[in-house]
Amino acid sequence: MATGADTSVVGAAGVPTAAGAGTDNTIAGDEREHPRAGGKPRRIVRRTAKVVVALAVVLAFLALGDRWAVLYAENLAAQQVQKALKLHAEPEVHIAGFPFIGQVLAGNIDHVEVNVPDVDAGPVSVAQVKGTVDDIRIVGSLPSSVKGAVLSRVRGDILLDFKDLNREVGASQVHLMPGPEKNTVLAGGNLPVGDKQARIRGRAQLQRTGDRGLRMTLQDTRVVVPGLLTYVPGKGGGLQLTAPVADKMDEGELQQATGKHVFPQQMMKGRVLDTLVDHPSLLKPTGIDPSLIQGLQKLREPKVAQQMEFSAQLPDSLPGDIRLRDISVTKNGIRAQLTSKDLMVG
């Protein structure tokens, strides 16, 4: 019995029997099945990767298409703004938000920025206009029945650059700068008066004119010829000679010219400009050329004001109810804030 059990496992020559061989075949078969079992997850990973890549390509094309739509809309909007405002240069338009096509289909665009250079505003040019529009509601049905749009909130920032103002208000030799008080502008520079170069100093006040305009008015001007005289145009002003110049004048000639006794020191104050213009011989002892006094007479306040004052209005071509809300003087120039609500365009 024992011998029979042994021969069922091992043959006489030590060769495995059929039962032993079957066991070995099972082990080999298991070894062959393992690679096939691991190949299935890899195939799933490969298929998933292909799907992800394809989806990424589709999304990339959709994003590219959306950006092309934005660029087209920005270019079209820039052309419309240029045409509406009669601008010399095409403005910059930037539409924010993604996806743009989704916003259009929903009939609501979140945010738009516009930068308009060099806008004509009467005697001066506006150096820069920056505007932002929030919550644009499209009126009508897309794509063929669009009637226009409602701009819920409009904000604008206008800059009148001092460099442009110096050039355009007709006083190229006078330079404007911020004043120490709110909404004040100081003016300083040199002007040729007669045969001399006179220093001019002035102060102007900036103010709004209604809801669509602003104005700069001259309030105090002083013309100084160093070492000789000071002239203040306008009411309450006049010509004042320096002490050394006044002391050189002849009292007898002064009395003869004015018909009353006038001391030379009185020429240091009061309104003596017309007297000196009418009697230029009085200037002979002082060495002052009469052309200087004649030049000061021409430099009356209206002429000075005309050179240094200006006013500006928002263009009539602006649509809707756009108003000036605030004005201020900065180191770069004059700034004005614009606002509007529920502005209908189109």
Side-chain angles (χ1 to χ4, degrees), residues 122-124 162-177 179 184-206 215-311:
V124 298
F162 278 142
K163 294 179 181 178
D164 294 333
L165 292 177
N166 290 335
R167 181 180 66 252
E168 296 184 35
V169 300
S172 58
Q173 294 174 300
V174 177
H175 304 288
L176 304 177
M177 65 198 76
T184 59
V185 177
L186 298 181
N190 297 319
L191 289 176
V193 180
D195 64 338
K196 301 290 185 181
Q197 281 289 322
R199 292 202 304 258
I200 184 168
R201 300 288 182 269
R203 182 175 65 90
Q205 184 72 37
L206 182 69
R215 179 175 62 222
M216 188 172 74
T217 55
L218 197 64
Q219 294 185 334
D220 182 22
T221 308
R222 189 175 298 270
V223 181
V224 178
V225 180
L228 296 180
L229 55 85
T230 298
Y231 175 56
V232 179
K235 187 177 180 180
L239 178 67
Q240 298 179 359
L241 300 177
T242 62
V245 172
D247 289 340
K248 294 178 181 179
M249 302 192 73
D250 185 271
E251 291 185 32
E253 291 187 7
L254 282 173
Q255 184 174 359
Q256 184 178 1
T258 60
K260 56 185 178 180
H261 188 68
V262 179
F263 292 101
Q265 289 77 13
Q266 291 179 273
M267 302 298 290
M268 296 170 55
K269 54 186 178 180
R271 303 182 63 85
V272 298
L273 178 63
D274 292 338
T275 300
L276 294 177
V277 170
D278 294 337
H279 304 279
S281 60
L282 294 174
L283 295 169
K284 189 174 181 179
T286 67
I288 296 177
D289 193 301
S291 65
L292 174 60
I293 304 302
Q294 294 169 0
L296 290 175
Q297 189 186 36
K298 295 178 181 179
L299 198 65
R300 297 288 188 177
E301 186 175 12
K303 181 175 179 62
V304 176
Q306 183 180 5
Q307 285 186 319
M308 297 174 57
E309 293 184 352
F310 80 94
S311 62

| message | Could you measure the distance from the CG atom of L228 to the CD1 atom of I288? Nearest 0.5 Å is fine. | response | 5.0 Å
| Side-chain heavy-atom pair M249, L276 within 4.5 angstrom cut-off | yes
| query | Side chains of R199 and L191: closer than 4.5 Å at any heavy-atom pair? | reply | no
| query | So how far is it from L186 CG to H175 NE2, rounded to the nearest 0.5 Å? | reply | 13.5 Å
| Non-hydrogen atoms of G227 and V245 that approach each other most closely | O-CG2, 3.7 Å
| query | Out of curiosity, L229 CG to L292 CG, how far, rounded to the nearest 0.5 Å? | reply | 5.5 Å
| field | Under 3.5 Å: donor-acceptor pair, side chain of T286, backbone of K248 | value | no
| query | Could you walk me through whether V185 and M177 pass the side-chain contact (heavy atoms from CB on, under 4.5 Å) check? | reply | CA-CA 6 Å; V185 177; M177 65 198 76; over 6 Å; no
| message | Quick one, L176 with M216, criterion side-chain contact (heavy atoms from CB on, under 4.5 Å). Give me CA distance, side-chain angles, the key distance, then yes/no. | response | CA-CA 11 Å; L176 304 177; M216 188 172 74; 4.0 Å; yes
| query | Would you call T184 and L206 a side-chain contact if the rule is heavy atoms closer than 4.5 Å? | reply | no
| Which atoms form the tightest heavy-atom contact between L283 and P290, and what is the distance? | CD1-CA, 4.0 Å
| CD of Q197: more than 12 outside heavy atoms within 6.0 angstrom? | yes
| query | Do V223 and T230 have side-chain heavy atoms sitting under 4.5 Å apart? | reply | no
| remark: Between the OH atom in Y231 and the CG atom in L239, the distance rounded to the nearest 0.5 Å is 8.0 Å
| query | Heavy atoms, side chains only, cut-off 4.5 Å: are D250 and L282 in contact? | reply | no
| query | NE2/H279 to CD1/I293 distance, rounded to the nearest 0.5 angstrom? | reply | 13.5 Å
| message | Ignoring hydrogens, what is the shortest heavy-atom contact between V193 and G295? Give both atom names and the distance. | response | CG1-C, 3.8 Å
